[in-house]
Every structure is written in C-alpha cells, then in structure tokens.
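One structure is given here, and the rest of the page talks about it.
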Amino acid sequence: MSDNPDGVRPDPWTTIDDLWAWLQADQPVGGREGLLLRMLKLSEEVGEVAQAVIGATGQNPRKGVTHTWEDVEAELCDVVITAMVALRTLTPEARVVFGRHLARVADRSLGA
C-alpha cells in the first residue's frame with residue numbers, strides 16, 4: 001500500500017490517477033457507453049451506503065443488525081473514491097476542477 005506507518009498515501013489524486021489507469025486498461029465497454037457506466041457506478045456505491053446504514057441500525061426486522069458503523073464509513077469512502085475516479089474519467093484535470101469547485105463551495109458556505 002504505502003511506506004507510511006498509518007497506511008495513508010500522501011496524495012489521493014495520484015492514487016486516483018493510478019486507479020483510473022488500471023480501470024481504463026481493463027475496461028470491457030469503452031466510449032460514451034463506458035463513460036456512462038462509470039457514472040452509474042456512483043449509484044451502486046450510494047446504494048451500498050444505504051444498505052450499510054439500514055444494516056447498522058437494524059431497520060430491516062427480517063435481517064436485524066447486519067453491518068457496523070465502520071462498514072458505513074468504508075462504503076462512504078467507496079462513494080468518494082468512485083466519484084473522484086468518475087471526475088478523472090471526464091477530465092485529466094480532475095485535481096484542478098475539484099480544487100476550484102471545493103474553493104467555491106467553501107467561499108459560498110463559509111464566507112471566506
């Protein structure tokens with residue numbers, strides 16, 4: 001994973017670029033359809049967050065408690081990673097696009 005003792009890679013965007021390249025190299029469907037399928041992957045991941053929350057709270061009486069809040073954390077991380085890869089699929093400038101957008105949201109929300 002990395003040489004860091006906590007297992008955290010220093011630059012998430014470098015890892016996202018690596019994941020994107022790995023996915024592109026073994027993409028069964030390309031072109032516009034492949035792009036759309038990459039975007040749809042987000043819906044799948046969000047659904048897994050919902051499933052984990054329902055499982056962590058025991059809201060399905062037939063199944064009971066099936067997940068932990070750590071499972072919810074992991075699923076939320078998968079959503080973030082999937083969104084970052086999707087953005088990288090749209091533009092090689094994903095890091096800049098995201099940084100600018102985050103700055104606009106922060107300015108608007110935090111009144112910087």
Euclidean distance, R95 CZ relative to R100 CZ, rounded to 0.5 Å: 13.5 Å
Euclidean distance, T89 OG1 relative to L36 CG, rounded to 0.5 Å: 11.5 Å
Residues that D71 engages under salt bridge (charged side-chain N to carboxylate O under 4.0 Å, His left out), provided they are two or more places apart: none
Interatomic spacing from CD in E73 to CD in E70 - rounded to 0.5 Å: 5.5 Å
Euclidean distance, Q59 CD relative to T66 OG1, rounded to 0.5 Å: 11.0 Å
Sequence-distant partners of E75, salt bridge (charged side-chain N to carboxylate O under 4.0 Å, His left out), two or more places apart: none
Atom pair CZ/CG of R32 and L37 - distance to nearest 0.5 Å: 12.0 Å
Atom of V79, atom of L42 and distance for their closest heavy-atom approach: O-CD2, 3.8 Å
NZ on K41 to CD1 on I81, rounded to 0.5 Å: 11.5 Å
Hydrophobic cluster membership, V85 vs V80, 4.5 Å side-chain cutoff: yes
CA sep, side-chain torsions, deciding dist, call: W69, T57, side-chain contact (heavy atoms from CB on, under 4.5 Å): CA-CA 9 Å; W69 288 104; T57 58; 3.6 Å; yes
Chi angles and distances behind the side-chain contact (heavy atoms from CB on, under 4.5 Å) call for M39, L35: CA-CA 6 Å; M39 301 304 137; L35 173 69; 3.5 Å; yes
Joint cluster assignment, V96 & L102, ILVMFWY side-chain distance < 4.5 Å: no
Smallest separation among heavy atoms of P10 and P12, with atom names: O-CD, 3.8 Å
Indicate every side-chain donor-acceptor pair of residues 15-26 with a distance under 3.5 Å to a residue at least two apart or in another chain.
{"residue": "D17", "atom": "OD1", "partner": "R88", "partner atom": "NE", "Å": "3.1"}
{"residue": "Q24", "atom": "OE1", "partner": "R38", "partner atom": "NH1", "Å": "3.2"}
{"residue": "Q24", "atom": "OE1", "partner": "R38", "partner atom": "NH2", "Å": "3.2"}

same_hphob_cluster(V29, L40) at 4.5 Å side-chain heavy-atom cutoff: yes
Distance-minimising heavy-atom pair for H67 and A52: CB-O, 3.5 Å
